[in-house]
Amino acid sequence: MTMIDDTAVAAGEGAAQPIFRLAGVTRTYTQKGRVVNALTGVDLEIAAGDFVAIQGPTGGGKSTLLQLLGALDRPSTGSILLDGTDIASASNVELGRLRAHELGFVFQGFNLIPTLTAHENVDMALEPLGLPAQERAARVGEALERVGLADRTDHRPGELSGGQQQRVAIARAIVKRPRVLLADEPTGNLDESMRDEILAVLEELNAEGLTLVVVTHDSAVAKRARRRLRLEKGVVRELTR
Ligand code: ADP
Ligand code: MG
């Protein structure tokens, strides 16, 4: 980081460097001859260290946007700069590197492998990093501890509550020490107390500097975000800042 960047960050939230910079982003799907404009021209900056909630009706384009931010997909037109790398034009190898190192993903359905323990599920995310076994084990232990599951490392998903399963999924997303955590309806399958568990973990990670982008229908989750966006018919609108 240069002196100028340090000054900008120190000057406060508004001056923080954007980690994402989207310009003119569209995403069009064509399925069975039918064309769907899921995103119709999104211009957006997301500051490093921010906690952004994205709300809006089903079909509004929320998951599409999150997949683009996560380098799981490319826009039809426009550019998505992640720390200066354009997801639209980067090579597949570079996108793979971003996903393995910089971007953590959490989904509504947890997406854990039922036959693996919590430790093994989290460890999977480290496979592409090529770390020595000892460091790998230490990192997995640390990630599970950070989500409050140090005493559940040998449990399989079926032996854990929904909230605990989602915490394993969060540990799997953060074990690679990403700069951004993207979550699509992370509390959608959880009751209120489990939702609060997840919120507490997310807020703690954000306080430590992790950038959070969370798609949610749950206004209790959105209320805790620093910035709220609404995505409807492929268009982003700022709700609060
Ligand atoms: P949200 O997450 O807000 O519910 P999505 O991003 O999932 O919205 O979907 C936006 C629009 O794009 C919807 O009309 C949806 O049907 C369509 N869509 C999403 N993914 C695909 C796909 N893989 N193929 C075709 N259409 C899709
Ligand atoms: Mg969705």
Side-chain angles (χ1 to χ4, degrees), residues 19-46 50-82 86-90 92 95-96 98-99 103-112 162-163 165-167 169-170 172-173 178 180-192 194-195 198-199 202 211-241:
I19 189 159
F20 286 108
R21 190 173 276 171
L22 286 72
V25 170
T26 70
R27 180 64 170 98
T28 301
Y29 297 109
T30 310
Q31 207 178 38
K32 294 174 190 154
R34 210 171 68 93
V35 174
V36 177
N37 298 308
L39 297 176
T40 58
V42 173
D43 299 304
L44 180 66
E45 286 191 357
I46 295 176
D50 211 346
F51 177 177
V52 181
I54 302 177
Q55 298 173 280
T58 301
K62 303 182 298 297
S63 294
T64 298
L65 178 61
L66 217 60
Q67 284 178 15
L68 291 173
L69 295 176
L72 295 165
D73 186 21
R74 293 177 196 267
S76 303
T77 63
S79 63
I80 302 179
L81 297 182
L82 166 54
D86 190 352
I87 289 172
S89 57
N92 286 335
L95 294 191
L98 289 175
R99 289 193 300 267
L103 301 158
F105 247 105
V106 176
F107 302 94
Q108 176 170 2
F110 319 140
N111 293 11
L112 300 173
Q165 289 181 57
Q166 190 59 302
R167 284 189 277 149
I170 293 172
R172 182 183 54 190
V180 185
L181 183 67
L182 303 162
D184 200 347
E185 297 282 0
T187 62
N189 278 339
L190 302 177
D191 68 26
E192 238 171 74
M194 294 181 190
R195 175 193 73 198
I198 298 304
L199 256 180
L202 292 178
T211 305
L212 293 184
V213 182
V214 180
V215 166
T216 186
H217 277 113
D218 188 336
S219 55
V221 176
K223 266 190 203 131
R224 308 281 268 274
R226 204 170 304 136
R227 181 179 180 195
R228 285 162 63 195
L229 304 173
R230 184 175 169 84
L231 189 43
E232 187 166 8
K233 295 181 179 153
V235 178
V236 171
R237 191 156 54 84
E238 194 86 34
L239 291 181
T240 58
R241 180 144 209 172

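Numbering of ligands and ligand atoms starts at 1, following listing order.
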Asker: What do you reckon, is CZ of R21 surrounded by more than 12 foreign heavy atoms closer than 6.0 Å?
Answerer: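 Result for CZ/R21: open.
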
Asker: Within the structure provided, determine whether S76 and R27 are in side-chain contact (heavy-atom separation under 4.5 Å).
Answerer: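 Answer yes - side chains close enough.
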
Asker: Do Q166 and N189 have side-chain heavy atoms sitting under 4.5 Å apart?
Answerer: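 Not in contact.
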
Asker: Can D184 and S63 be counted as having a side-chain donor-acceptor contact under 3.5 angstrom?
Answerer: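 Yes.
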
Asker: What pairs with R74 under salt bridge (charged side-chain N to carboxylate O under 4.0 Å, His left out), at least two apart in sequence or on another chain?
Answerer: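 Result, salt bridge (charged side-chain N to carboxylate O under 4.0 Å, His left out) vs R74: none returned.
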
Asker: What's the shortest heavy-atom distance between Y29 and A38, and which atoms?
Answerer: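 Between these two residues, the closest heavy atoms are CE1-CB, 3.5 Å.
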
Asker: With 2.8 Å as the threshold, which protein atoms of type N, O or S lie near the Mg ion (ligand 2)? Leave waters out.
Answerer: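 Counting only protein N, O or S atoms under 2.8 Å from the Mg ion (ligand 2), the list reads S63 OG.
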
Asker: Checking S219 now: which residues fulfil side-chain contact (heavy atoms from CB on, under 4.5 Å) with it, not counting sequence neighbours?
Answerer: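 Result, side-chain contact (heavy atoms from CB on, under 4.5 Å) vs S219: none returned.
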
Asker: Which value, rounded to the nearest 0.5 Å, describes the distance between L199 atom CG and R224 atom CZ?
Answerer: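 Here the interatomic distance stands at 4.5 Å.
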
Asker: If we only count heavy atoms from C-beta on, is the L182 to L103 side-chain gap below 4.5 Å?
Answerer: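 With C-beta onward as the side chain, the pair touches.
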
Asker: Give the protein residues with at least one non-hydrogen atom closer than 4.0 Å to an atom of ligand 1, ordered by chain and number.
Answerer: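 Residues within 4.0 Å of ligand 1: Y29, Q31, V36, A38, P57, T58, G59, G60, G61, K62, S63, T64.
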
